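On a predicted model such as this, the values are computed, not experimentally measured, just so you know.
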Amino acid sequence: MPEMPHVTFAAGSGHLDRAAHLRDVADDFLRHRRAALLPLFHGKILIDLEEPAPRLGWVPPLPEYLEEATEAPVFLGLSDGTPCFAADFTAMETDVAERLFCDGAKFIDLRSIAGELRAASASIAAVAKGLLNWHETHPFCARCGGRTTPDHGGWRRRCEDCGAVHFPRTDPVVIMLVVHEDSVLLGRQAQFPPGIYSLLAGFMEPGETVEDAVRRETKEETAVQVGRVGYLGCQPWPFPSNLMLGCWAEAETTDIRVDPEELEDAQWITRAKMQVILEGKHPRIKAPRKDAIARAILTDWVQGDLSIG
């Protein structure tokens with residue numbers, strides 16, 4: 001399968017050793033002389049702003065920090081031999097969090113800063129963001145309703161009452177470059193920022209293949225029938241825990257009937273017109289955000305860099 005290392009959050013391979021074999025003894029690595037902790041506060045990540053370019057705001061996992069964390073820190077893995085952890089400090093008062101962590105740094109929404117981080121840093125931040133969000137939203141057991149606590153270095157939760165073990169979830173989403181001759185099918189959702197059009201996308205359903213999900217979502221949203229489908233690459237999207245599966249799809253029909261519950265509009269865009277949109281020169285239509293896999297796929301398609309067929 002192809003890889004898309006130029007896609008934001010997709011450069012984790014080779015930059016972070018998740019070291020699953022160390023998770024049961026992760027607490028021992030908190031005392032490692034090089035151990036590093038990435039704090040999160042109300043979903044925002046600590047970013048060091050003192051360097052010319054923003055970078056992750058790593059701090060040492062000191063006891064005075066850890067005792068203020070909402071739960072035990074999660075073990076992200078090893079980065080160049082450094083044990084990396086992340087912890088949520090939302091339970092702290094804002095002034096306390098700022099006093100502890102914000103000397104030359106600031107808690108920033110990852111969406112707004114990811115494109116400015118080094119590729120490896122953005123990928124590590126995605127791991128931290130996705131994992132801590134899962135912990136925040138799964139404090140109770142889905143089987144018996146009992147309280148759950150972090151286990152295995154933060155990579156699972158265990159119910160205190162029935163002993164059930166729960167694992168982080170990732171929701172697969174297909175996002176497709178639907179093409180017909182020299183045009184691509186773009187759609188616009190009502191909640192998009194003004195002028196933004198993007199590739200069609202949708203969640204996969206139980207018992208469904210990637211190919212069938214692409215065909216179903218395209219038909220449901222636009223009534224366009226799709227034939228052949230192929231895989232392009234993927235993007236972890238930690239808002240909150242999706243895996244965007246980039247695909248190409250060959251349209252067999254071109255008539256569009258938009259489902260108003262899904263899309264506000266959809267239209268075929270020629271390659272030449274898409275180039276203008278990507279350059280920001282179109283008077284009405286804007287391209288997807290730069291850190292989205294849709295932008296990368298459309299850019300590669302316009303440049304002729306995709307293997308389709």
Side-chain angles (χ1 to χ4, degrees), residues 1-11 111 114-116 119 173-202 210-211 213-235 237 239 242-260 262-309:
M1 288 186 179
E3 294 187 5
M4 304 184 74
H6 57 297
V7 175
T8 305
F9 305 129
R111 287 177 184 261
E116 300 178 44
V173 177
V174 290
I175 181 165
M176 41 278 191
L177 181 85
V178 181
V179 293
H180 182 267
E181 296 179 350
D182 204 40
S183 295
V184 61
L185 181 61
L186 297 187
R188 170 175 170 76
Q189 296 182 11
Q191 65 266 33
F192 283 1
I196 296 289
Y197 278 71
S198 188
L199 299 179
L200 304 185
V210 171
E211 294 82 358
V214 167
R215 297 183 183 107
R216 175 184 55 78
E217 283 289 344
T218 304
K219 183 178 180 180
E220 286 179 356
E221 295 185 355
T222 65
V224 171
Q225 300 275 358
V226 164
R228 295 189 304 156
V229 174
Y231 177 74
L232 294 172
C234 65
Q235 179 187 40
W237 189 249
F239 308 110
N242 304 141
L243 180 63
M244 309 300 293
L245 301 171
C247 300
W248 61 266
E250 191 175 71
E252 296 181 336
T253 64
T254 57
D255 289 341
I256 297 173
R257 295 194 306 277
V258 169
D259 178 353
E262 297 282 351
L263 297 176
E264 185 177 79
D265 185 37
Q267 55 184 279
W268 291 101
I269 303 291
T270 65
R271 195 185 303 259
K273 185 176 180 179
M274 193 68 238
Q275 176 67 56
V276 174
I277 294 170
L278 289 169
E279 293 173 353
K281 298 178 179 179
H282 195 277
R284 297 182 306 280
I285 301 177
K286 298 179 182 179
R289 50 188 295 161
K290 292 183 178 181
D291 59 356
I293 190 174
R295 177 68 167 257
I297 291 174
L298 286 167
T299 299
D300 287 352
W301 176 71
V302 165
Q303 295 174 351
D305 294 335
L306 294 182
S307 177
I308 297 177

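- Atoms CZ and CD, on Arg257 and Glu221 in that order, are 14.0 Å from each other to the nearest 0.5 Å.
- At least one side-chain heavy atom of Trp268 sits less than 4.5 Å from a side-chain heavy atom of Thr254.
- Atom CG of Asp305 has more than 12 neighbouring heavy atoms from other residues, nucleotides or ligands inside a 6.0 Å radius.
- Remark: Ile277 CD1 to Ile269 CD1 distance equals 4.5 Å, nearest 0.5 Å.
- Between Cys234 and Leu245, the closest heavy-atom pair is CB-CD2, 4.1 Å.
- Listed here is the closest heavy atom pair of Leu199 and Met176: CB-O, 3.5 Å.
- Residues Thr270 and Ser183 meet the side-chain proximity criterion, which asks for heavy atoms closer than 4.5 Å.
- When every heavy atom of Gln267 is checked against every heavy atom of Ile256, the shortest pair comes out as CA-CD1, 3.7 Å.
- The two residues Ala251 and Val178 make their nearest non-hydrogen contact at CB-CG1, 3.9 Å.
- Note that OG1 of Thr222 is 11.5 Å distant from CG of Asp265, once rounded to the nearest 0.5 Å.
- In this structure a side-chain-to-backbone donor-acceptor pair under 3.5 Å is missing from Arg284 to Gly195.
- Rounding to the nearest 0.5 angstrom, the gap separating the CE atom in Met244 from the CD1 atom in Ile175 is 4.0 Å.
- For the pair Leu263 and Leu200, the minimum side-chain heavy-atom distance is below 4.5 Å.
- The shortest side-chain heavy-atom distance between Glu220 and Glu217 falls under the 4.5 Å cut-off.
- No donor-acceptor pair closer than 3.5 Å links the side chain of Ser198 to the backbone N or O of Pro288.
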Exercise for the section: Begin from the C-alpha positions of Val184 and Trp248 and carry the test side chain to side chain contact (heavy atoms under 4.5 Å, CB included) through to its verdict. Expected result: CA-CA 10 Å; Val184 61; Trp248 61 266; over 6 Å; no
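- Between the OH atom of Tyr197 and the CD atom of Glu264 there is a distance of 7.0 Å, given to the nearest 0.5 Å.
- Contact record, Val214 with Ala249: CG1-CB, 3.8 Å, taken as the closest heavy-atom pair.
- Considering only heavy atoms from C-beta on, Arg295 comes within 4.5 Å of Leu278 through its side chain.
- Interatomic distance, Glu116 CD to Lys290 NZ, rounded to the nearest 0.5 Å: 10.5 Å.
- Looking at Trp301 and Ile308, their side chains come closer than 4.5 Å, going by heavy atoms from C-beta outward.
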Exercise for the section: Check the pair Val229, Val174 against side chain to side chain contact (heavy atoms under 4.5 Å, CB included), reporting the backbone distance first and the verdict last. Expected result: CA-CA 11 Å; Val229 174; Val174 290; over 6 Å; no
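- Side-chain contact between Arg188 and Ile196 is present, with at least one heavy-atom pair separated by less than 4.5 Å.
- At a threshold of 4.5 Å between non-hydrogen side-chain atoms, the residues Lys273 and Ile285 count as touching.
- A pairwise comparison of heavy atoms in Ala114 and Thr8 identifies CB-CG2, 3.9 Å as the closest pair.
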